[in-house]
Structure formats: C-alpha cells, structure tokens
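What you see is a predicted model, and the numbers here were worked out from it, not measured in a lab. Throughout, protein chains are lettered first and strands after them, A, B, ... in sequence-line order, and every chain is numbered starting at 1.
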Amino acid sequence: MSGDEMNPAAVAQAVEDIQGDDRWMAQHTRFVQECKDAEPEVLFIGDSMVQLMQQYEIWRELFSPLHALNFGIGGDTTCNVLWRLQNGELDNIGPKVTVVWVGTNNHEHSAEQVAGGILAIAQLLTSRLPKTKVVVLGLLARGEWPNPLREKNVAVNSFLRSWLPRLGQTQFLDVGAGFVHSDGTISTRDMFDFLHLTAAGYRAIAKPLIDLLRQILEETPEEKRASLL
Amino acid sequence: MHHIANASLTDKVMSSGDSNPAATPTPCVDIQGDGRWMSLHNHFVSNSKDKEPDVLFVGDSLVQLLHQFEVWRELFSPLHALNFGVGGDETQHVLWRLSNGELAHISPKVVVLWVGTHNHGHTAEQICGGIMAIVQLIKDKLPKAYTLVLGVLPRGKMPNPLRERNAQVNKLVKEAVSSLPHASLLNVDPGFVHSDGSISHQDLYDFLHLTPQGYQAVCQPLHAHLKGLLEKQAEN
C-alpha cells in the first residue's frame with residue numbers, strides 16, 4: 001500500500017499510439033471537452049466494462065437520468081486511468097459520486113499491485129474532488145472455466161475490501177454475484193466473450209449499483225448537517 | 001524463373017500461406033491466461049451442430065458486437081443467422097477457425113465475412129490475401145454458399161494511415177472478387193467520415209467500434225442486400 005513509486009500499477013501512464021489512428025488520445029480529448037460543457041452528478045471512469053455500458057439501453061434507462069458521464073476506455077489499466085484523471089478529466093466538474101471500475105486489464109501486475117493502483121485512483125479522486133463519494137466496483141470473474149485470472153481478480157477484490165474502508169468517502173461494491181455457476185462456468189448469456197457483459201449481464205450488475213447510487217445521491221447536504229448536530 | 005502468362009490480379013493478391021502471415025491459418029495464443037478465444041471457438045463448433053442457419057456472420061469484434069444489440073434480433077434473427085464473431089480476430093485467426101470445425105456442421109446459403117481491420121503490421125495486399133484465402137476456404141467447404149465480404153470501415157477520429165490501409169484493402173478485394181461468381185464486396189460505410197475528415201463518436205464510440213446508431217446505418221442496407229441474395233439463392 002505504500003511507496004507508489006514502487007508500484008507500477010500506481011504510475012500514471014498514457015497509452016502509446018501503436019496502431020496508428022490515435023484513438024486513445026482522441027477519446028481522452030473528447031472527455032476533457034465534456035468536462036467543460038457538462039455538470040455531471042455521477043462520473044463513471046474505467047475500462048471497457050464502463051465504456052460498453054453506455055452502448056446498451058440500460059444506460060439511457062437508469063444512468064442518464066442521474067446526469068452521469070461515462071469516461072470508460074477499452075483496454076485501460078489503472079495506470080491509464082490515473083493519467084487521464086491527472087490530465088484534464090476531472091477539470092471543472094464536481095460529481096457527487098464517482099464510480100471506478102478498472103483493473104482486469106492490468107496483465108503485467110500482481111493482484112496486490114492492481115489493488116494498489118485502484119487505491120491510488122480512489123486517493124486521487126478524494127483529494128481532487130473533496131465532495132465526491134467514491135464507489136469502487138469489484139472485478140468480475142472472467143473466462144469460461146476456472147483459471148488464474150479469476151483467482152487474481154478475487155485477490156484484488158479481497159485487498160480492496162480491506163483497504164478501501166480506511167480511505168474516507170470510499171466504498172467497495174461487489175457486483176459479481178451469480179455470474180459463476182455451480183459447475184464453475186460462466187455463460188455467454190451474461191458475458192458474450194467470457195469477459196464483456198451482455199445486456200442481461202449489465203442488467204444484473206445495475207441493480208445493486210443503482211440502489212447504492214440513489215442512496216448516496218439522496219443524502220442531501222441539509223440531511224448531513226442535521227445529522228451532525 | 002517460371003512466369004505465369006496473364007497472371008490475374010487474383011493470383012497477385014492471393015499470396016500462398018507460407019509467404020503471407022495474414023493468409024496462414026493461425027489460432028490465437030492464450031497470452032492473458034483465461035482461454036477465452038478457444039472457449040468461443042469451441043462454442044461455435046458445438047453450437048453449429050444443431051442449428052441450420054441460412055446466413056453465417058463471421059469475423060472480428062464488429063461482427064461479435066452486432067450480436068449484442070437489438071438490431072440483430074430485428075434484422076438478422078429473422079433471416080436465421082448465426083454469429084461467429086470474435087473480438088480482435090485478424091484474417092489468419094478467422095481462417096483457422098473456419099478450417100477447424102466452424103463450418104463442419106452447417107450449410108448456410110450466405111456467409112457474411114467482416115474482418116481485416118485488426119491486422120496490424122500487415123500490408124493492405126497481405127490483408128486482401130488473407131480475406132481471399134477465407135473466400136476460397138468457404139468455397140471449398142461450402143460449394144453452394146455465396147460469400148458477401150463487407151468492406152472494412154474507416155477508423156480513428158481524423159484521417160490517418162489506417163484509413164488509407166483499409167480503403168486500399170477494400171479496393172484490392174473488390175478487384176479480386178470481381179471475377180468470382182460466388183463472392184462480392186459490399187461497401188457498408190454509409191458516410192461515417194464528415195466533410196472535415198472527422199468521424200463522430202455517436203457512430204463509432206471509440207472511433208473503431210459501432211454504436212447501436214452506427215449499426216442501424218450499416219445494417220439497413222446490408223439487410224436489404226442479404227434478402228436479395230437469399231432470394232436469388234432460393235431461385236437457383
């Protein structure tokens with residue numbers, strides 16, 4: 001948990017344009033511009049798990065009405081998210097809740113390093129946006145059958161469960177219940193490629209998430225002041 | 001050196017497997033550690049055992065994602081279509097999948113092939129060679145099927161070398177299939193590139209993958225074209 005310089009997963013890093021069409025930077029630039037125009041109450045930041053959610057009907061149904069912005073980029077690691085947050089994607093906005101969902105793509109890092117990277121993101125958010133509540137979503141299981149990446153993601157979640165409560169304003173939410181069946185398999189009905197969620201998969205995770213978001217958003221400043229008296 | 005007189009354009013772009021990596025059947029190596037590519041392939045093989053699709057969609061993430069949106073149920077389920085798309089697949093991966101069981105148990109009338117944009121490091125000629133190798137394989141395995149190759153879409157927010165490469169792939173493939181009675185290239189780009197050279201995230205949400213709105217624009221004409229092909233196949 002200490003020594004961010006020693007945790008490679010907590011080092012901010014932009015994605016290099018290897019392919020040649022500069023799409024990562026173009027997406028980042030668009031998000032920075034959105035910060036100038038929008039006043040989101042909820043900010044989603046992360047990888048393709050966040051990004052793809054906006055393409056399904058469920059986004060318009062449940063999350064748009066909460067004035068939510070989606071800053072997900074497919075393939076992102078904790079390092080990439082850290083870089084984006086440090087380079088404009090938090091400018092001029094004051095969301096009440098920030099939802100963080102990242103870590104499954106950190107293939108070069110250990111579970112402990114990944115959790116450290118996610119913690120660094122939560123710390124950055126609470127320091128840049130003092131009024132925001134941070135919700136960190138647990139990493140989902142992946143692969144059709146049990147495999148080392150499932151174990152790794154479970155370990156990441158385990159670290160997060162014990163570390164995040166020590167950080168103020170931050171909580172961990174596990175949305176992965178039910179995806180792994182009793183025979184150890186994941187169904188393509190929930191994850192069409194055993195990693196990315198289908199519409200039905202998103203519906204399943206949206207339920208606990210939307211409940212928590214509504215609960216947080218309904219805590220008005222007046223209620224908070226009253227509770228302190 | 002033996003020169004073949006009147007070598008057709010088809011011969012020039014259809015490189016042999018050994019010299020063109022894009023045309024050499026190659027499975028995806030499981031680098032990440034969860035075996036997802038092979039799982040999907042196995043699913044497609046076993047799924048096909050009790051299905052009788054009239055149309056088979058095969059290719060990369062652009063095919064795969066199509067299956068997740070309403071447009072699939074609206075336009076392609078009624079045509080009895082199966083979807084064998086795998087995200088990230090390059091031509092050599094699709095070639096391997098089709099050579100290793102995904103065509104073994106079905107006889108679709110039309111195969112819709114959409115692949116090539118992820119062939120990073122390959123030239124337009126190599127990618128065309130890969131696509132044509134797939135067209136030939138489908139002809140060998142499904143002699144009565146028609147192959148509809150979809151043009152690779154432009155990508156990136158602004159003009160860039162990959163747009164040029166993809167346009168060149170489409171040009172080469174169009175020429176290569178022009179002499180074939182069992183295949184053609186359909187340009188499905190409805191005009192995603194605006195007059196200032198930009199692509200909108202409302203059509204391609206990450207400047208590569210289609211939004212549901214983008215799919216509607218692509219699929220309406222594709223659907224009409226497919227229906228025409230199926231009717232023609234029925235007449236034969």
Side-chain angles (χ1 to χ4, degrees), chain A residues 17-31 33-34 47-48 51-57 59-60 70 72-76 104-108 140-153 185-189 191-202, chain B residues 30-44 47 60-61 63-70 72-73 83 85-89 117-121 153-166 198-202 204-215:
Chain A
D17 179 28
I18 303 175
Q19 296 180 353
D21 56 5
D22 214 21
R23 293 183 306 107
W24 190 85
M25 196 52 77
Q27 291 171 80
H28 165 66
T29 303
R30 182 170 87 73
F31 296 154
Q33 185 58 44
E34 272 197 78
D47 54 27
S48 56
Q51 186 172 43
L52 203 52
M53 189 165 16
Q54 192 172 21
Q55 300 310 315
Y56 289 110
E57 204 32 50
W59 182 266
R60 197 176 353 198
N70 187 308
I73 298 186
D76 263 19
T104 200
N105 296 321
N106 279 59
H107 295 297
E108 308 297 302
L140 298 183
R142 48 185 289 172
E144 186 181 15
W145 298 93
N147 65 82
L149 289 186
R150 280 202 203 169
E151 291 157 37
K152 182 182 173 189
N153 285 1
T185 62
I186 287 176
S187 165
T188 52
R189 274 192 280 269
M191 296 184 191
F192 61 84
D193 61 355
F194 308 109
L195 172 62
H196 296 105
L197 294 164
T198 59
Y202 274 113
Chain B
D30 180 27
I31 304 174
Q32 296 180 355
D34 53 10
R36 297 182 302 107
W37 192 86
M38 199 53 80
S39 288
L40 281 171
H41 167 64
N42 291 335
H43 258 253
F44 294 154
N47 263 4
D60 56 29
S61 50
V63 173
Q64 185 174 44
L65 206 51
L66 170 60
H67 199 196
Q68 303 313 313
F69 297 136
E70 221 9 68
W72 179 267
R73 200 179 347 200
N83 188 307
V86 176
D89 261 17
T117 199
H118 299 304
N119 277 63
H120 297 295
L153 294 177
R155 50 185 288 172
K157 181 167 161 65
M158 300 307 294
N160 64 83
L162 290 184
R163 281 201 203 168
E164 291 157 37
R165 182 204 67 179
N166 284 3
S198 70
I199 284 178
S200 166
H201 69 275
Q202 301 197 333
L204 300 177
Y205 65 83
D206 60 355
F207 309 110
L208 172 61
H209 295 103
L210 291 157
T211 61
Q213 168 184 311
Y215 272 117

Review point. Does any heavy atom of chain B fall under 4.5 Å from the side chain of A:Leu52, the backbone, both, or neither of them?
Key: side chain
Point to revise | Structural part of A:Asp22 lying under 4.5 Å from a heavy atom of chain B | key: neither
Exercise for review: With the side chain counted from C-beta on, respond yes when B:Leu208 and A:Arg23 share a heavy-atom pair under 4.5 Å apart, and no when they do not.
Suggested key: yes
**Study point:** A:Leu149 vs B:Gln32, side chain to side chain contact (heavy atoms under 4.5 Å, CB included): CA-CA, chis, key distance, verdict
**Key:** CA-CA 8 Å; A:Leu149 289 186; B:Gln32 296 180 355; 4.1 Å; yes
Exercise for review: Any chance you could measure B:Asp34, atom CG, to A:Ile186, atom CD1, to the nearest 0.5 Å?
Suggested key: 9.0 Å
Practice item. Can you tell which part of B:Phe69 gets under 4.5 Å to a heavy atom of chain A, answering side chain, backbone, both or neither? Key: side chain
Review point. Hey, what do you get for CG (A:Leu195) to OG (B:Ser39), rounding to the nearest 0.5 Å?
Key: 12.0 Å
Practice item. Heavy-atom pairs under 4.5 Å with chain A are the metric here; pick the option from B:Gln64, B:Gln68, B:Lys157 that has the most. Key: B:Gln68
Review point. For A:Thr188, is it the side chain, the backbone, both or neither that has a heavy atom under 4.5 Å from a heavy atom of chain B?
Key: side chain
Practice item. Might you point out which heavy atoms bring A:Gly20 and B:Pro161 nearest each other, and give the distance in Å? Key: O-CD, 3.6 Å
Review point. Do other residues, nucleotides or ligands put more than 12 heavy atoms under 6.0 Å from A:Glu57 CD?
Key: yes
Revision key, fill the gap. If one checks every heavy atom of A:Gln54 against chain B at 4.5 Å, the contacting part turns out to be neither
Review point. Which one, B:His201, B:His118, B:Gln213, leads in non-hydrogen pairs under 4.5 Å with chain A?
Key: B:His201
Exercise for review: Could you tell me the separation between the OH atom of B:Tyr215 and the CD atom of A:Gln55, rounded to the nearest 0.5 Å?
Suggested key: 10.0 Å
**Study point:** Inter-residue atom distance B:His67.NE2 - A:Asp193.CG, 0.5 Å rounding
**Key:** 13.0 Å
Revision key, fill the gap. Bottom line for B:Ile31: the part with an atom under 4.5 Å from chain A's heavy atoms is neither
Point to revise | Sub-4.5 Å side-chain heavy-atom contact between B:Asp206 and A:Trp24 | key: no
Check your understanding: Heavy-atom distance under 4.5 Å to chain B: side chain of A:Arg150, backbone, both or neither?
Key -> neither
Point to revise | Closest approach of B:Gly33 to A:Pro148 (non-hydrogen atoms, all atoms of both residues) | key: O-CD, 3.6 Å
Point to revise | 4.5 Å side-chain heavy-atom contact, B:Arg155 and A:Gln19 | key: yes
Exercise for review: Could you verify whether a donor N or O on one side chain and an acceptor N or O on the other, from B:His43 and A:Glu144, lie under 3.5 Å apart?
Suggested key: yes
**Study point:** Which atom of A:Phe192 lies closest to which atom of B:Leu40, heavy atoms considered
**Key:** O-CD2, 3.5 Å
Review point. Would a 4.5 Å heavy-atom cut-off, applied to side chains only, mark B:Tyr205 and A:Gln27 as touching?
Key: no
